[in-house]
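Working notes, beginning with the structure itself.
So you know, we letter chains A, B, ... as the sequences are listed, proteins then strands, and number each from 1.
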Amino acid sequence: MTDILSARYIHAAAQAERREPFVVPAPTRATRLTPARLPAGLRLLGPIVVIAIWEAASRLGLISPSTLTAPSTALVTGYQMLADGSLLPHLLASAFRAYTGLFLGVVVGVALALASGLTRSGEALIDGLIQIKRAIPTLALIPLVIIWLGIGEAMKIFLIFTAVLVPVYINTHAALRGIDIGHIELARTLGLTRSEFIRKVALPGALPGFFVSLRLAVALCWTALVVLELINTQTGIGYLMNRARDWGQTDIIVVGILIYAALGLVSDAVVRLIEARVLSYRRSLGS
Amino acid sequence: MTFHRPLPSSVVLRDLSRGFKGKTVLDRISLEIPHGRFVALLGESGSGKTTLLRALAGLDEDAETHGHFSVPDNVSVLFQDSRLLPWMSVIDNITLGLRRPDAQAAALDMLAAVGLADKAEAWPATLSGGQKQRASLARSLLREPALLLADEPFGALDALTRMRMHALLFQLVERQKPTVILVTHDVDEALLLSDRILVLKDGRIAEDHAIGLPHPRRAHQPEFATLRQTLLRSLGVEVDNV
Ligand SMILES: Nc1ncnc2c1ncn2[C@@H]1O[C@H](COP(=O)(O)OP(=O)(O)O)[C@@H](O)[C@H]1O
Ligand SMILES: [Mg+2]
């Protein structure tokens, strides 16, 4: 696209030099204050460049396989693990933990945000607690939760749940509290009941904030999982990576990293797709 | 002996005062508006027009208010910004909170009357400014209000759109005959539409003009021009050559 534009510009400039009487100058583009929307797929340019450099460096022997495996080797390893069935159980174990924690965190986070955003007693009871939880890093809770729940699945799911809960609550609550005062006045002059107000004004108005929180939560559940799977497990992507470290298998470690990245991106894309459907009434910038 | 009992007026204010944080904005205003009258409320910016209208609409409860006022039960407010909910279609917006069994059919009729028949299912974000205000007008009139309170509803529209909105508002109000209080800073708008013009100054009603001109009114009519000069002058505009 840039090529076409610059070619046209050069063409016009050449014409201008010949001083033809009716030369139309190349269209000057209006100043854009926000960048134009990227064509689909162009977003992948950066990652592809990085992977190409990485691959080239590996092939040229600049990076030794014991430090970091080449992406192509990792892909082959990943394919083999998928083919011989040694990957899938771990993938499923990880996905189960992440999505169970995510689901619980979103449901409870939204429920608490509603209770706290729509009632005074709810706010008095809940908001302070969540703000305190927010100040405590999830990882700092690990020792205590291990004592309570052991080192099994319950501990992992519980910690993902608490990690997800906070951003879901904070953003949804803020969206509910930040409702447009003009909409409240409108609801009053239209004589809406409280339940009509909640269903038709407050909740739809808070949906964009909820989706922001959902995207944070989806990213967070995988992040939390990585750390938790380093703690005494026999299944999961994190376990595979940890074991590969003991054996110096950097290709498996890279496979694990790629899987985490892919799951994070796919999850985010799914949420964005749903968001675009649900919030289709907005004419938004960018994404 | 005849026992004469006048019909109660639509809007009655008795020494209504309202202020914010100790600063008086409305100062003991008394006013009666009979049913079905179209009253325009003029005044310089900051003279308290919005404050008066919002008081009648039951908004700003935290303001310091003294005196009394009474308005009909069925009041509808037309805001300057159309306040359509962006997540609802136009028809869902205008039927919001409407409690009558034939809401959908009545809404479609009303949308047709304001020229938005083909926009019933559209999102508000896809409407122009004038279309949004027409939808907002449809939402108000669909409630068949006894009192319509309009705060500079056409203030943000371009001149041509505003003229069309004047005609539309006049026609619909003629049909339903609600009492109307229209806040405006546009003297011509007030003169074109209203039966009575009030000028608010220093928190009081400084002038009260009955406008007897027949409709449709034209700005070049001599009476119109005379009133226009008077009103502009009382709003502090020098009008030697206007
Ligand atoms: N909610 C409020 N809090 C404090 N002051 C207010 C409030 N609303 C209006 N005022 C003040 O009251 C005065 C009249 O305002 P307003 O009624 O909006 O005037 P108008 O609509 O005639 O331009 C202004 O000085 C304004 O600053
Ligand atoms: Mg005002």
Side-chain angles (χ1 to χ4, degrees), chain A residues 33-34 37 110 113-114 117-118 120 171-172 174-215 271-287, chain B residues 50 53-63 71-100 103 107 121-128 132 135-136 138-151 153:
Chain A
L33 297 179
T34 59
R37 194 183 268 262
V110 167
L114 290 179
L118 299 174
R120 272 157 61 94
N171 285 285
T172 310
L176 277 171
R177 302 300 300 193
I179 179 170
D180 188 339
I181 181 82
H183 291 161
I184 300 177
E185 287 179 1
L186 174 75
R188 284 186 52 195
T189 61
L190 293 181
L192 297 195
T193 63
R194 181 159 170 76
S195 120
E196 279 175 322
F197 172 72
I198 290 173
R199 281 183 293 114
K200 299 190 169 169
V201 183
L203 293 186
L207 262 186
F210 166 72
F211 274 107
V212 169
S213 78
L214 195 56
R215 284 177 66 181
V271 175
R272 279 174 31 178
L273 194 74
I274 299 170
E275 181 183 17
R277 285 275 172 96
V278 174
L279 303 183
S280 63
Y281 61 83
R282 302 200 299 185
R283 288 187 292 177
S284 67
L285 304 167
S287 64
Chain B
T50 297
L53 212 66
R54 289 172 63 87
L56 299 184
L59 299 171
D60 294 336
E61 280 158 329
D62 49 344
V71 291
D73 287 336
N74 188 359
V75 179
S76 187
V77 183
L78 193 55
F79 296 97
Q80 174 166 5
D81 50 333
S82 52
R83 299 201 186 176
L84 300 171
L85 300 175
W87 47 83
M88 283 185 188
S89 67
V90 169
I91 189 157
D92 287 349
N93 260 289
I94 74 168
T95 54
L96 182 61
L98 190 63
R99 286 172 241 294
R100 46 192 269 193
E121 299 301 333
W123 295 124
T126 65
L127 302 185
S128 69
K132 280 184 190 150
S136 175
R139 179 178 58 200
S140 279
L141 293 181
L142 195 51
R143 280 138 234 274
E144 296 179 347
L147 173 62
L148 178 64
L149 300 172
D151 191 358

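Counting only N and O atoms by type, the side chains of Ser136(B) and Ser82(B) include no donor and acceptor under 3.5 Å apart.
Atom CZ in Phe197(A) sits 10.5 Å away from atom CZ in Arg188(A) (nearest 0.5 Å).
Top candidate by heavy-atom pairs under 4.5 Å with chain B, chosen from Leu186(A), Val201(A), Leu207(A), is Leu186(A).
Only the backbone of Leu84(B) comes within contact range of chain A, with at least one heavy atom under 4.5 Å from a heavy atom of that chain. Neither the backbone nor the side chain of Val278(A) comes within contact range of chain B, judged by heavy atoms closer than 4.5 Å.
Remark: Arg83(B) is positioned above the aromatic ring of Phe79(B), its terminal NZ or CZ atom under 6.0 angstrom from the ring centre and at most 45 degrees off the axis.
With hydrogens and angles disregarded, no donor-acceptor distance shorter than 3.5 Å links the side chain of Asp151(B) to the backbone of Gln80(B).
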